[in-house]
Structures are given as C-alpha cells and as structure tokens.
Amino acid sequence: MTDHLNPQQKKAVEITEGPLLIFAGAGSGKTTVIIHRIVRLLNQGVSPFNILAVTFTNKAAQEMRNRVKQLAGPEGESVWISTFHAFASRVLRYDYEKSFTIYDEKDQLVAIKQALKKMGHDPKKVKPAMVRELIQNAKNSLIDPESFCLNAAAHSDKLRMSMGEVYQEYQRILENNGGLDFGDLIVETVNLFKNRPEVLEKYRERFEYIMVDEYQDTNYAQYVLIKLLAPPHNNICVVGDDDQSIYSWRGANVRNILDFEKTFKCKNTLKLEQNYRSTQSILTAAHNVIQNNLSRKSKKLWTDNPSGEKVKWNEFMTSREEARGVVKEIQRLIGMGYRPGDIAIFYRVNAQSRPFEDLLRYSGYNYKIVGGLRFYERKEIKDILAYMRVLMNPGDDISFERIINTPARGIGAKSLLTIKEAAATEKKSLFDMVISGSDHFSNAIEKKIQPLRELLLRLNETYETDDAAALAKDVIELSGYHRMLELDEDLTARSRLENIEELVSAFSEEENKLSSIDDILSEISLLTELDNMEENQEYITLMTVHLAKGLEFPVVFLTGLEEELFPYYDALSDPAQMEEERRLCYVGMTRAEKLLYLTNASQRMMYGQSKWHLPSRFIRESLGNKGQDTVAGDLEYVYD
DNA sequence: CTGTCGTTTATTTTT
DNA sequence: TAAACGACAG
C-alpha cells in the first residue's frame with residue numbers, strides 16, 4: 001500500500017517511534033506522507049483514539065480526515081484531526097468551561113474600544129487595531145497582562161505600561177462576557193495543562209502519536225502546547241518547510257522548526273525533496289530565488305518532470321497594461337485548451353485585483369476572487385450567531401448589544417445606555433436586565449423591551465429542545481430578521497437572505513458530526529469559508545500570494561513584481577522581512593505546475609499617485625547566478 | 001435610523 | 001485615489 005512512495009517518503013511513514021522532523025518541500029507529497037503514517041499506525045493496531053493530528057486550516061484538516069477515512073475505513077473517523085484552535089476549543093469545553101463564546105477580530109475590537117474608553121484613552125489617538133495586534137502578539141508569546149505590565153515597567157516604558165492596563169481591562173471584559181478570543185484558546189489550554197496536572201496527564205497518556213502539519217507556522221504558545229502534550233510517548237512528528245514560512249507577522253516563529261532537533265531531542269530528520277508538481281524550469285527559477293535567503297535549512301528540490309516551457313517575464317508600462325497583457329495571454333491559453341479553472345492570478349496586495357477584475361469581466365471570463373469578507377464575518381451571519389450565543393451564554397453582553405436593536409425595535413443609544421447603567425449597578429448581564437426589568441425603567445423603555453423580553457424567553461425555551469439548525473431557524477423567524485430582510489428593498493437583502501439560509505443548512509450538516517448545540521456553535525465560529533471554494537473548472541482564480549499557500553494550478557501569473565510592492569516597501573530596510581518577502585515569492589512560484597509568468601509594471605498608482613518602480617529583485621534572482629544552468633531557469637522575456 | 005460630509009489612511013490575515 | 005469611518009443633521 002506504500003509501494004508508490006519514494007524512499008524518503010517511505011522512511012517518513014515508517015519511522016513512527018520517537019521525535020521525527022520532516023522538511024517537506026513544496027509539492028513533495030507532504031499530506032500524503034502524514035496520511036499514510038496515520039493509516040500505517042492504524043494497521044499496526046494503534047487505536048485511532050491514541051492519535052492526534054494538528055493542522056492550521058480547516059481545509060487541511062478536512063482533507064486529511066477525508067483521505068484517512070478513505071484509506072482506513074470508518075476507524076479512521078475516530079482519529080482526532082483538527083486545527084490548533086478547534087483542538088484547544090474542544091479541550092477547554094470538555095475539561096474547563098462548557099460554554100464560552102469565541103470572539104473573532106471584530107468582537108475583539110468592540111471589547112478593546114470599551115477597554116480603551118474605560119482606561120481613559122481616546123480611541124482616535126490610540127488605534128484599537130494596533131492595540132489588538134499588541135495583545136495578540138503578547139498572547140502568542142504567552143505573556144499575560146501582569147507580565148506585560150511588569151515588563152513595561154522594568155523598561156519604564158510609559159506607553160507600554162498604559163497599554164498593559166488596557167490589556168488587563170480587555171481580559172476583564174472578556175471574562176465578564178464569557179468570551180475567549182483566538183489567542184485565548186491556546187493560552188487557556190496551556191494554562192489548563194499547567195494548572196491541572198491530572199488533565200494534562202490524561203491527554204499525554206491518550207496521545208501516543210502526535211503529528212503537526214505546517215510546523216513552520218507555529219507560534220510560541222502553540223509550540224509550548226505541543227511540547228506539553230508530547231511526553232511520555234514522545235512520538236511527535238512535525239512536518240513543515242522553513243522556506244514557506246510567510247506568517248511571521250502573525251506570530252509564527254520559524255525557529256520552532258529550525259530548533260526542533262534541539263528542543264525535542266530529535267535524532268531523525270528527513271527531507272522530502274522530490275517535487276511532483278512543477279516542471280524543472282519552474283523549480284529552477286524558484287530555487288534561484290529562495291537560495292538568496294541566508295537563514296534557511298539547506299535543501300534543493302528536484303523533479304523527474306520534464307523541463308517544460310521557460311518561465312516567462314513580461315514587463316508592462318502600467319498596471320492597466322499588465323492586466324491587459326495577462327488577459328490576452330489567458331485568451332491564448334484557453335484557445336489552446338486550458339480551462340479557466342487551470343489558471344490563477346496572484347498578487348501581493350488585494351488592491352491589485354481591480355484591473356484584472358475589470359478586464360476579465362469586460363472580456364467575458366468567469367473569475368472568482370478568493371479572500372475578502374469571510375462567511376461568518378458577514379453582518380447577517382454575526383447577527384444570527386449573536387442571538388444563539390446569547391442563549392448559550394447569557395453573560396455575553398457584547399453579543400447582546402449586537403441584537404438588542406436588530407431588527408430595529410426602537411431601542412436606540414439612549415435606551416441602551418439606561419439599560420447598561422442599570423445592569424452595571426445591579427451587577428447583572430444585559431440579558432438578565434432585560435428579562436427582569438427594573439423599577440427605574442421609564443414606561444417608554446419598558447414598552448420597548450417588552451417584546452424583546454418575550455422573544456428571548458420564547459427562544460430560551462426552544463434552546464432547550466431544538467437542535468442547532470432548528471434554533472437558527474427559530475431565531476431568524478421569531479426575531480423578525482427574516483421579515484426585515486424580505487421588506488428590505490436594498491439589492492444586498494436578497495443575498496443576505498440566502499446567506500442566513502446557508503447558515504441553517506451548514507448547521508444541519510454539522511449536526512451529524514457534533515453532538516451538542518454548544519459544540520456546533522463554537523466550531524461554526526472557527527470555520528472560515530463555508531462556501532468552501534468549490535473546485536469549479538469554469539473560474540479563473542484571483543488571490544493574494546498568502547492565500548495561495550497549499551494550492552496548485554497548471555498556470556500561474558505572479559503579478560506586480562516590483563520593488564516597493566513585491567518586495568513590499570517596509571521590507572526594503574529589514575533583512576528579516578526581506579527574507580519573508582522572498583519566501584512569499586517562492587511560495588507563489590512553486591504553486592505552478594506547467595506555466596509560470598512573472599509580470600511587472602514600471603508605473604503604478606499607489607496612494608493616488610502614479611509612481612515609477614524598478615522590476616523586483618526577485619525577477620533578477622530567478623535567473624540565477626551567471627554561468628549556472630542558464631537554460632532551465634532562464635526567463636523568456638516577452639516583448640509586448 | 002439613515003444619509004451626507006469631511007477626515008483619515010493606505011500589506012499580508014491559516015484561526 | 002478611494003474607501004472606510006465617525007460626526008452630525010434631519
């Protein structure tokens with residue numbers, strides 16, 4: 001069953017005992033290896049209950065689950081395969097706190113604004129988004145508010161000290177609301193393991209075999225989590241590629257993978273260097289680029305694939321011309337028999353998508369932009385979820401504020417303030433305050449909140465008996481949300497209606513997999529794209545290079561390769577950031593199977609001004625050093 | 001609550 | 001440039 005694996009892959013599958021580090025280059029069959037490891041363990045009689053596999057994205061987890069099930073049968077379904085966050089969420093729900101709400105970035109900002117106000121900051125002077133980043137970074141490094149403050153004090157850093165206070169207040173708000181943000185999920189799980197040895201012991205005993213995918217993307221907190229979990233069995237296998245570490249700005253620490261041998265006393269390190277994806281030309285060009293990074297584990301991908309066509313480089317006058325050139329070439333390729341679904345256009349920043357969109361639409365091609373607003377971030381979805389969260393967790397004032405006047409029931413800022421003040425003095429949640437009412441409420445307020453009170457009581461009853469899908473339906477109907485959208489003349493109302501219907505069906509799909517409504521609610525908020533990028537042959541794909549990681553396309557256009565755009569402006573003076581830009585470029589190039597196009601525009605509008613840009617250094621680098629293999633990696637310069 | 005006007009600010013965004 | 005946000009009027 002492992003016959004088709006190459007020798008290195010076979011080894012990677014067979015070394016099941018002890019720590020194992022696998023450097024898996026782009027397109028080297030990394031996922032296949034992890035899946036075969038799991039299947040092999042199962043075949044050897046290891047119980048699926050004793051295996052844990054952790055990934056970063058839902059998509060990766062999903063794919064892994066499906067393929068394991070395919071190869072190992074129903075037993076494979078019992079293997080615990082999930083994202084870091086879903087893993088943490090379930091552990092917490094099981095061993096710590098049954099009902100908490102997971103706060104996404106928007107919820108975080110609401111709480112941060114509250115915290116800033118409370119600590120006497122002007123939200124205009126101190127940007128909430130910046131504070132969020134600060135807090136998130138701290139959490140990624142397991143720095144709690146107290147240590148944060150102490151550290152700032154030690155450096156007599158006034159600003160950091162006051163930010164530490166905001167961090168502290170933010171945590172207080174979250175706690176009062178029964179909310180955990182993404183970072184907290186990991187932090188609290190680590191704390192749980194540290195404070196309750198018997199709980200840690202239970203999981204340590206259980207997970208005889210642990211696998212971590214995309215290990216180069218782990219942050220410090222996630223590293224500690226894994227480090228805690230690994231003993232006593234220490235059968236910990238991590239897979240990753242330091243050359244594809246492109247999320248350091250999100251806390252990912254590439255040292256985790258580079259130091260794995262030391263930190264886990266790992267004696268087995270393997271490199272998967274045979275690439276099955278790209279032509280030799282593409283690989284050589286990509287290698288020529290990544291080779292310029294100094295801090296990397298030395299490796300070189302090779303392939304049995306034919307050398308294929310040369311990588312092409314086109315230079316254009318403007319971004320408009322660039323788009324015209326790309327679409328013209330797409331036209332030619334489709335004429336040759338390529339499907340739109342074979343083709344992807346990558347760019348460094350989202351703002352670059354515009355000219356491509358315009359021209360593709362004008363030329364009558366179907367395209368889809370990946371990224372942008374995610375499903376669960378949509379207002380209507382958040383509204384419905386807020387109702388459900390409040391029912392699950394009545395202390396969640398942040399969700400309650402969302403729904404108190406949605407749909408409109410005349411409870412404006414003033415009424416809200418009255419209710420909030422009453423809740424504060426009586427030390428009640430907003431939910432309880434509305435249910436119980438108060439003598440201090442004016443008749444007007446009482447009259448307004450009466451229907452809301454009845455609605456909540458009614459929903460609370462159904463909450464006990466409904467499954468998640470039924471509850472969502474009840475919320476949508478009873479709250480008047482459905483009617484509100486139906487009456488809405490706005491063009492977007494129709495699609496918002498469809499979205500909430502999709503939410504209901506997503507709930508019923510989840511129903512089979514997860515038991516309680518609380519589980520489902522939490523897992524839903526961890527889902528990124530419910531409209532999981534259906535693999536449709538009819539659409540040309542447009543996305544940022546970051547989003548392209550893990551994907552592959554027969555034809556790739558890597559656009560906007562200009563100094564100050566790609567590599568991005570900020571990276572020019574910072575060697576570490578420059579290396580990350582280079583890795584990003586490498587990721588983009590190695591997505592291509594057959595054809596790779598590099599393009600740049602010498603003139604581009606940025607911040608409202610047309611600016612001249614030199615071609616990116618990465619273009620030059622892709623040619624490699626003089627005298628070396630000038631055929632395969634050679635760029636074909638196409639004059640326009 | 002909704003619309004309008006000025007002000008601000010400009011990566012990347014797995015969860 | 002333009003989109004997004006907040007303030008304020010109606």
Side-chain angles (χ1 to χ4, degrees), chain A residues 54-62 82-89 102-109 113 122-125 127-130 132-133 136 139-140 180-187 213-219 221-222 240 244-252 319 346-352 354 370-374 376-377 405-415 484 488-490 522-529 543-551 560 564-572 577 580-581 583-585 587-588 604-611:
Chain A
V54 189
T55 65
F56 273 86
T57 67
N58 292 304
K59 202 177 159 203
Q62 194 66 48
S82 76
T83 64
F84 265 101
H85 296 270
F87 170 78
S89 159
I102 298 175
Y103 280 1
D104 68 16
E105 296 190 10
K106 288 233 177 70
D107 302 319
Q108 277 184 286
L109 284 178
K113 277 179 199 154
D122 180 0
K124 256 191 280 175
K125 269 193 96 184
K127 286 198 313 200
M130 192 207 77
R132 183 185 62 196
E133 210 174 290
Q136 221 46 41
K139 289 181 178 178
N140 289 339
L180 295 181
D181 64 29
F182 288 138
D184 285 332
L185 290 173
I186 311 294
V187 173
D213 191 16
E214 304 279 17
Y215 192 69
Q216 78 282 354
D217 286 340
T218 48
N219 60 38
Q222 288 158 337
Q244 293 186 65
S245 165
I246 56 175
Y247 282 102
S248 73
W249 48 278
R250 285 273 242 146
S319 54
F346 299 158
Y347 34 79
R348 176 69 243 262
V349 305
N350 289 114
Q352 286 169 252
R354 192 58 179 280
V370 182
L373 198 53
R374 269 165 260 161
Y376 82 95
E377 281 173 0
N405 200 34
T406 314
R409 7 180 117 80
I411 305 176
K414 218 161 159 218
S415 312
M484 175 185 81
D488 197 332
E489 305 275 323
D490 201 288
S522 72
E523 303 277 313
I524 280 283
S525 49
L526 290 174
L527 285 185
T528 328
E529 310 162 65
M543 63 177 129
T544 64
V545 195
H546 280 91
L547 285 176
K549 195 175 76 162
L551 305 176
E564 297 189 32
L565 178 61
F566 198 179
Y568 198 74
Y569 179 77
D570 285 10
L572 296 181
Q577 276 193 66
E580 179 140 326
E581 294 288 315
R583 289 192 291 268
L584 190 57
C585 180
V587 166
R604 183 182 294 275
M605 281 291 233
M606 276 177 106
Y607 307 147
Q609 253 153 6
S610 182
K611 279 188 63 179

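Basis for what follows: all heavy atoms, side chains included, without hydrogens, waters or symmetry-related copies. Within every chain, numbering begins at 1; the chains are lettered A, B, ... in the order of the sequence lines, protein sequences first and strands thereafter. This structure is a prediction, so every number in the text was calculated from the model and none was measured.
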inquiry  = Nearest heavy atom decides the nucleotide; on that basis, is A:I411 or A:Y607 closer to the 5' end of DNA chain B?
reply    =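 It is A:I411 whose nearest nucleotide is closer to the 5' end.
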ask   = Are A:M605 and A:S319 close enough that some pair of their side-chain heavy atoms sits under 4.5 Å apart?
value = no
N/O contacts under 3.5 Å, protein versus nucleotides 4-10 of chain C?
none

inquiry  = Checking the side chain of A:H85 only, and the main-chain atoms of A:L185 only, is there a donor and an acceptor separated by less than 3.5 Å?
reply    =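 Side chain of A:H85 to backbone of A:L185: no pair is present.
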Quickly work out the [X] [atom1] to [N] [atom2] distance and round it to whole Å.
X      : N      : atom1 : atom2 : result
A:Q577 : B:dT11 : CD    : P     : 14 Å
A:I186 : B:dT14 : CD1   : P     : 16 Å
A:Y215 : B:dT14 : OH    : C1'   : 17 Å
A:Q352 : B:dA10 : CD    : P     : 18 Å
A:Q609 : C:dA2  : CD    : C1'   : 14 Å
A:Q62  : B:dT14 : CD    : P     : 17 Å
A:H546 : B:dT12 : NE2   : P     : 9 Å
A:R132 : B:dT15 : CZ    : C1'   : 13 Å

message = Are B:dT15 and A:F84 stacked, with the base six-membered ring and the side-chain ring centres under 5.5 Å apart and planes under 30°?
response = no
ask   = Under 5.5 Å between ring centres and under 30° between planes: true for A:Y247 and the base of B:dT12?
value =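 Base of B:dT12: not stacked against A:Y247.
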Checking all strands, does [X] fall into the base, sugar-phosphate, or nothing category for heavy-atom contacts under 4.0 angstrom?
X      : answer
A:N350 : sugar-phosphate
A:R583 : nothing
A:L547 : sugar-phosphate
A:E105 : base

Of the candidate nucleotides [options], which contains the atom at the shortest distance from the side chain of [X]?
X      : options               : answer
A:W249 : C:dA3, B:dT13, B:dT11 : B:dT13
A:T544 : B:dT12, C:dT1, B:dT11 : B:dT12
A:R354 : C:dA3, B:dT14, B:dT12 : C:dA3

Listed by chain and number, what are the side chain to side chain donor-acceptor pair (under 3.5 Å) partners of [X], not counting sequence neighbours?
X      : answer
A:Q216 : A:E214
A:D181 : A:Q108, A:K139, A:Y170
A:Y103 : A:D396
A:D217 : A:K549

inquiry  = Roughly how many Å apart are B:dT13 and C:dA4, using the P atom of each and rounding to a whole number?
reply    =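 Pairwise P distance, C:dA4 against B:dT13, rounds to 15 Å.
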key: Interatomic distance at C1', C:dC5 relative to B:dT12, whole Å   =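 Rounded to whole Å, the distance is 22 Å.
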query = By salt bridge (charged side-chain N to carboxylate O under 4.0 Å, His left out), which residues pair with A:R132, not counting sequence neighbours?
reply = A:E105
ask   = Do A:R250 side-chain and B:dT15 base share a donor-acceptor contact under 3.5 Å?
value =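 Check passes, donor-acceptor contact within cut-off.
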request  = Considering just the side-chain nitrogens and oxygens of A:N58, establish if one lies under 4.0 Å of OP1 or OP2 belonging to B:dT14.
outcome  = no
task = Find the distance between NE2 (A:H546) and CD1 (A:I246) and round it off to the nearest 0.5 Å.
result =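 If I round to the nearest 0.5 Å, the distance is 4.5 Å.
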